Amino acid sequence: MSKQPKYRQVADALRREIDNGAYGPGARLPSESELSARFDASRNTVRSGLSLLVSEGLISSSQGLGYEVRKHEVFELNASRFENLTFPQNGDAYSTDVTNAGRRPHQTFRVELTTAPAYVAKRLKVSADSRSVLRFCHRFVDDVPWSTQATHYPDWLVEKARRLTEPGDIAEGTTRYLASLGIEQVGYADEIATRMPTPEEARLLEIGAGVPVLLWTRTGYSSDRPIRCTITTFRGDLNRMTYEIGNLAARSENEPQ
C-alpha cells in the first residue's frame with residue numbers, strides 16, 4: 001500500500017492519465033463526486049489532490065464548470081537567431097518568427113522617459129539615476145498573451161536615435177533601425193531565470209495558478225559600450241527557448257524535437 005497521503009495518490013493517478021493522453025488539452029476531468037467514488041476518498045481529499053495539479057499548472061478550475069486540462073500550444077523561439085541582422089525578416093524579429101510559424105502576431109506599445117532601475121543601469125554601465133527611454137511591448141500569439149518586453153535605452157543613445165522616443169512600433173525593429181544609424185549591435189549577453197509571476201504579470205499574461213514566468217534579459221553591445229537592456233517576460237507554460245551555437249552540420253534533419 002502506498003505511503004503517500006491519499007490526496008497525493010489522487011493527484012499522481014490523474015497526472016499520469018494527463019501525461020499519457022487519457023485527458024487531452026481542454027478535456028474536462030470527472031466531477032469531484034465521481035472522483036471521490038473512484039478513489040474511495042472524501043471530496044475534501046479529492047479537492048486537495050486537484051488543487052495540487054492546479055498549483056503545478058496542469059489543470060485549471062472554473063467556478064461551476066469543474067476542472068479541465070490546460071491547453072499548451074507551445075511557441076518555440078530561437079533565441080540565438082532572434083534579432084540577427086543577416087536573417088531575412090518581415091518587420092521586426094518577433095513578427096517575423098511568429099508569422100514564419102504560421103501563427104498571428106499582435107502587439108501593443110508604450111513609450112516613456114524614465115529613470116533606469118538599478119539592475120538595468122548596472123548592465124548599461126550608467127549611473128542609477130540616469131534617464132532612459134523605456135519601450136514596453138505587450139505581445140500576443142493568435143490573440144493569446146505571449147510575453148511582455150521592457151527595453152531600456154540609455155540617454156546618450158536617445159540623442160542620436162530620436163525615433164526611440166516616438167510612440168508606436170518601429171516597423172523594421174529597433175536593432176535594424178540603430179544599425180542604419182551606424183550603431184550596430186555586435187554582441188549580446190543573455191541571462192535566463194524563472195520565478196512565479198507578480199500580480200501585474202499574471203494579469204497581463206493571463207496566467208493561472210501554479211504557472212511560472214520565464215525571464216530573459218538581453219544586454220546588447222556596440223563595439224565600445226552597451227546600447228540597450230531588454231527584459232522579456234514569457235508565460236512559462238506556452239514557450240520554449242532554443243539556442244544554436246557552433247557548427248551544427250552533423251545535426252540530422254530528422255532529429256527528434
Side-chain angles (χ1 to χ4, degrees), residues 2 4-77 79 94 97-98 101-108 136-150 192-216 231-242 257:
S2 173
Q4 287 270 62
K6 191 71 176 229
Y7 79 94
R8 286 191 173 274
Q9 295 178 42
V10 171
D12 289 347
L14 293 174
R15 189 187 301 105
R16 284 193 298 270
E17 291 172 351
I18 292 170
D19 289 343
N20 67 26
Y23 297 107
R28 198 167 303 285
L29 296 182
S31 68
E32 289 180 2
S33 60
E34 290 172 321
L35 291 173
S36 180
R38 171 186 167 184
F39 290 105
D40 190 23
S42 70
R43 291 189 64 166
N44 283 340
T45 296
V46 167
R47 193 172 295 125
S48 294
L50 292 167
S51 295
L52 182 57
L53 297 182
V54 170
S55 72
E56 295 173 359
L58 286 178
I59 64 174
S60 60
S61 63
S62 301
Q63 189 168 5
L65 296 177
Y67 298 83
E68 68 175 38
V69 179
R70 285 186 177 276
K71 297 179 181 178
H72 292 81
E73 191 170 358
V74 174
F75 184 84
E76 182 172 297
L77 173 71
Y94 150 76
D97 277 10
V98 175
R103 301 177 70 176
R104 188 174 66 257
H106 167 66
Q107 55 186 330
T108 61
F136 184 88
C137 304
H138 189 193
R139 290 174 164 169
F140 300 77
V141 174
D142 297 334
D143 295 325
V144 176
W146 179 57
S147 70
T148 62
Q149 185 178 85
I192 299 172
T194 59
R195 60 165 169 75
M196 299 308 294
T198 65
E200 177 65 3
E201 289 166 347
R203 183 185 69 81
L204 289 174
L205 297 176
E206 298 180 8
I207 297 175
V211 178
V213 291
L214 172 67
L215 301 176
W216 177 26
I231 302 97
T232 307
T233 305
F234 294 101
R235 281 181 59 153
D237 59 338
L238 296 180
N239 290 280
R240 179 170 62 191
M241 187 179 293
T242 63
Q257 299 298 309

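None of the values given here were measured: they were computed from a predicted structure. FYI, the numbering just counts along the sequence from 1.
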So which atom in Arg15 and which in Leu58 form the shortest heavy-atom distance, rounded to 0.1 Å? CG-CD1, 3.5 Å
In terms of the angle between their ring planes, are Phe234 and Trp216 parallel, tilted or perpendicular, with boundaries placed at 30° and 60°? parallel
Ring pair (Phe, Tyr, Trp, His ring centres under 6.0 Å) partners for Phe140, two or more places apart: His106, His138
Roughly how far apart are Leu53 CG and Ser61 OG, rounded to 0.5 Å? 11.0 Å
For the student: nearest non-hydrogen atoms of Val46 and Ala41, plus distance: CG2-CB, 4.3 Å
CZ on Phe136 to CD on Gln149, rounded to 0.5 Å: 9.5 Å
If you apply the rule side-chain contact (heavy atoms from CB on, under 4.5 Å), what do you find for Arg47 with Tyr67, and how did you get there? CA-CA 10 Å; Arg47 193 172 295 125; Tyr67 298 83; 4.0 Å; yes
Considering all heavy atoms of both residues, which atom of Pro197 and which atom of Val213 are nearest to each other, and what is their separation? CB-CG1, 3.7 Å
Apply side-chain contact (heavy atoms from CB on, under 4.5 Å) to residues Val141 and Leu238 and explain how you reach the verdict. CA-CA 10 Å; Val141 174; Leu238 296 180; over 6 Å; no
Measure the spacing between OG1 of Thr148 and CD of Glu200 and express it to the nearest 0.5 Å. 9.0 Å
Return yes if some donor-acceptor pair links the side-chain N/O of Ser36 with the main-chain N/O of Glu32 below 3.5 Å, else return no. no
Rounded distance [0.5 Å steps], OG1 in Thr233 versus CD in Glu201: 5.0 Å
Check the pair Val54 / Leu50 against side-chain contact (heavy atoms from CB on, under 4.5 Å), numbers first and verdict last. CA-CA 6 Å; Val54 170; Leu50 292 167; 5.5 Å; no
On a heavy-atom basis, the closest approach of Arg104 and Asp143 is NH2-OD2, 2.5 Å
From CH2 (Trp146) to CD (Glu206), nearest 0.5 Å: 16.0 Å
Verify side-chain contact (heavy atoms from CB on, under 4.5 Å) between Arg195 and Leu215, making sure each step is shown before the conclusion. CA-CA 8 Å; Arg195 60 165 169 75; Leu215 301 176; 3.3 Å; yes
Heavy atoms only: give me the nearest Arg38-Ala13 pair and the separation to one decimal. NH2-CB, 4.4 Å
Backbone N/O of Gln4 and side chain of Gln9: donor-acceptor pair under 3.5 Å: yes
Heavy-atom pair of closest approach, residues Leu52 and Ala11: CD2-CB, 3.8 Å
Could you list all the side-chain hydrogen bond (donor to acceptor under 3.5 Å, both in side chains) pairs where at least one residue sits in residues 18-27, not counting sequence neighbours? none
Distance check, rounded to the nearest 0.5 Å: Leu214 atom CG versus Arg235 atom CZ? 13.0 Å
So, the side chain of Lys6 versus the backbone of Phe39: is there a donor-acceptor pair under 3.5 Å, distance only? yes
